[in-house]
Engineer: 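Just passing along the structure, written as structure tokens.
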Amino acid sequence: MKILLKNNKEEIGKEIASRIVELINKKPNTVLGLATGSSPITTYKELIKAYKEKKVSFKYVTTFNLDEYVGYKREKDSYKYFMHHNLFDEIDIKDVNTHFPDATNPLAYDKEIELKEIDFQVLGIGADGHIGFNEPMTSFDSKTHITKLTKQTISDNSQYFESIDAVPKEAVTMGLSTIMKAKEIVLIATGKNKRSAIKALLAGESKGCPASILNRHPNVTIYLDKDADPREN
Ligand code: F6R
């Protein structure tokens with residue numbers, strides 16, 4: 001596992017985006033695994049910039065998002081909306097090539113992913129160590145499934161909703177074993193509230209920190225800023 005300490009989110013976004021652009025230019029039909037939330041925003045901004053500067057085309061790219069809320073009230077609250085707003089609507093990706101897990105048939109997602117194989121997976125991490133919405137104690141063998149969000153996740157995510165009551169209580173998420181199938185994984189963690197989760201991840205495998213499964217993967221890079229780095233101070 002490679003750990004890269006960067007000065008800020010912008011630097012992280014630039015570096016990950018340039019790795020993705022390089023990959024797509026080598027393999028135009030690259031399959032990307034994507035996250036929502038605040039962590040990948042700078043990466044998506046840089047990807048849009050690269051597209052507008054004609055450095056890359058997403059015409060043949062396929063994407064699989066990690067997760068989607070179950071039972072959201074407004075379309076605007078869905079992760080599908082988030083992805084369209086923050087990336088897809090600004091680039092030349094084809095709508096049919098973008099995928100989200102379906103709560104009515106979660107396992108179908110694993111089958112689709114197995115057929116395509118994710119080349120490059122982008123992850124954020126929850127303050128409780130979740131990746132996707134695999135909350136603490138999720139089985140390391142889990143496939144795409146419906147999950148209940150923890151109180152902490154609901155409270156962390158309430159910033160994006162009208163009120164905490166509007167935050168969905170369930171989500172459908174790629175499982176930990178689904179995520180582990182990606183050929184290459186990058187995880188972004190910035191800010192003090194991620195430090196203890198990164199500490200647990202680096203301490204070795206434990207079910208209490210779902211992200212710690214990444215210790216088993218042969219090609220993972222963790223991008224940290226100083227605040228999220230448990231090795232600082
Ligand atoms: C979102 C996802 C989550 C987030 C995590 C961190 O698709 O899978 O695991 O990556 O909750 O969220 P932010 O980046 O908002 O701190």
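Numbers here simply count residues along the sequence, with the first being 1. When a ligand or atom number is given, it counts from 1 through the structure's own listing order.
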Engineer: Below 4.0 angstrom from a heavy atom of Tyr160, which ligand 1 atoms are there? Numbered from 1 as shown, please.
Structural biologist: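 Numbered from 1, ligand 1 contributes 15 (O).
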Engineer: Does some side-chain heavy atom of Ile188 sit less than 4.5 Å from a side-chain heavy atom of Val122?
Structural biologist: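 Side chain of Val122 against side chain of Ile188, heavy atoms only: contact under 4.5 Å found.
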Engineer: Tell me: protein heavy atom nearest atom 1 (C) of ligand 1, and distance?
Structural biologist: Thr36 OG1, 3.1 Å
Engineer: Are any non-hydrogen side-chain atoms of Lys9 and Asp225 less than 4.5 angstrom apart?
Structural biologist: no
Engineer: Run the salt-bridge test on Glu75 and Lys80 with the 4.0 Å N-O cut-off and return the result as yes or no.
Structural biologist: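 No, no charged N to carboxylate O under 4.0 Å.
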Engineer: Would you say Tyr79 has any N or O atom under 3.5 Å from an N or O of ligand 1, going by distance alone?
Structural biologist: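 Such a contact does not occur with ligand 1.
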Engineer: Taking the side chain as every heavy atom from C-beta outward, state whether Leu201 and Lys199 have any atom pair closer than 4.5 Å.
Structural biologist: no
Engineer: Compute the centroid of each ring, for Tyr69 and then for Phe161, and state whether the two points are separated by less than 6.0 Å.
Structural biologist: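 Centroid separation for Tyr69 and Phe161: below 6.0 Å.
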Engineer: Of all the non-hydrogen atoms in the protein, which one sits nearest to atom 10 (O) of ligand 1, and at what distance?
Structural biologist: Gly124 CA, 3.3 Å
Engineer: Please state which part of Phe82 comes within less than 4.0 Å of ligand 1, counting heavy atoms only: side chain, backbone, both or neither.
Structural biologist: neither
Engineer: I'd like the name of whichever of Lys194, Gln159, Glu135 reaches closest to atom 12 (O) of ligand 1 through any heavy atom.
Structural biologist: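 That would be Lys194.
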Engineer: Side chain, backbone, both or neither: which part of Ile188 has a heavy atom under 4.0 Å from ligand 1?
Structural biologist: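 It is neither part, as no heavy atom is under 4.0 Å.
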Engineer: Is the closest heavy atom of Tyr69 to ligand 1 under 4.0 Å?
Structural biologist: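 No, Tyr69 has no heavy atom closer than 4.0 Å to ligand 1.
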Engineer: For ligand 1, which atoms, with element, lie under 4.0 Å from some heavy atom of Ser38?
Structural biologist: 13 (P), 14 (O), 15 (O), 16 (O)
Engineer: What is the nearest protein non-hydrogen atom to atom 6 (C) of ligand 1, stated with its residue, atom name and distance?
Structural biologist: Ile125 O, 3.3 Å
Engineer: Is any N or O atom of His130, backbone or side chain, closer than 3.5 Å to an N or O atom of ligand 1?
Structural biologist: yes
Engineer: Just going by heavy-atom distances, which of Gly33, Gly37, Ser39, Gly191 is nearest to atom 14 (O) of ligand 1?
Structural biologist: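 Looking at heavy atoms only, the winner is Ser39.
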Engineer: Listed by chain and number, what are the ring-ring contact (aromatic ring centres under 6.0 Å, His included) partners of Tyr60, not counting sequence neighbours?
Structural biologist: none
Engineer: So for ligand 1, is Gly132 a polar contact partner (N or O within less than 3.5 Å, distance only)?
Structural biologist: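 The answer is yes, given that Gly132 and ligand 1 share an N or O pair closer than 3.5 Å.
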Engineer: Which ILVMFWY residues can you reach from Leu115 by hopping between side chains whose heavy atoms are under 4.5 Å apart?
Structural biologist: none
Engineer: Quick one: do the Asp165 and Ser163 side chains pair a donor with an acceptor below 3.5 Å?
Structural biologist: no
Engineer: Which protein heavy atom lies closest to atom 8 (O) of ligand 1, and at what distance to 0.1 Å?
Structural biologist: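 Atom 8 (O) of ligand 1 sits closest to the protein heavy atom Asp67 OD2, 2.7 Å.
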Engineer: With a 4.0 Å heavy-atom cut-off (strictly under), which part of Leu66 contacts ligand 1: side chain, backbone, both or neither?
Structural biologist: side chain
Engineer: For the pair Phe64 and Tyr109, name the ring-plane relationship: parallel under 30°, tilted 30 to 60°, perpendicular over 60°.
Structural biologist: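 Plane angle over 60°, so perpendicular.
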Engineer: Is there a donor in the side chain of His130 and an acceptor in the side chain of Thr153, or the other way round, less than 3.5 Å apart?
Structural biologist: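 Short answer, yes.
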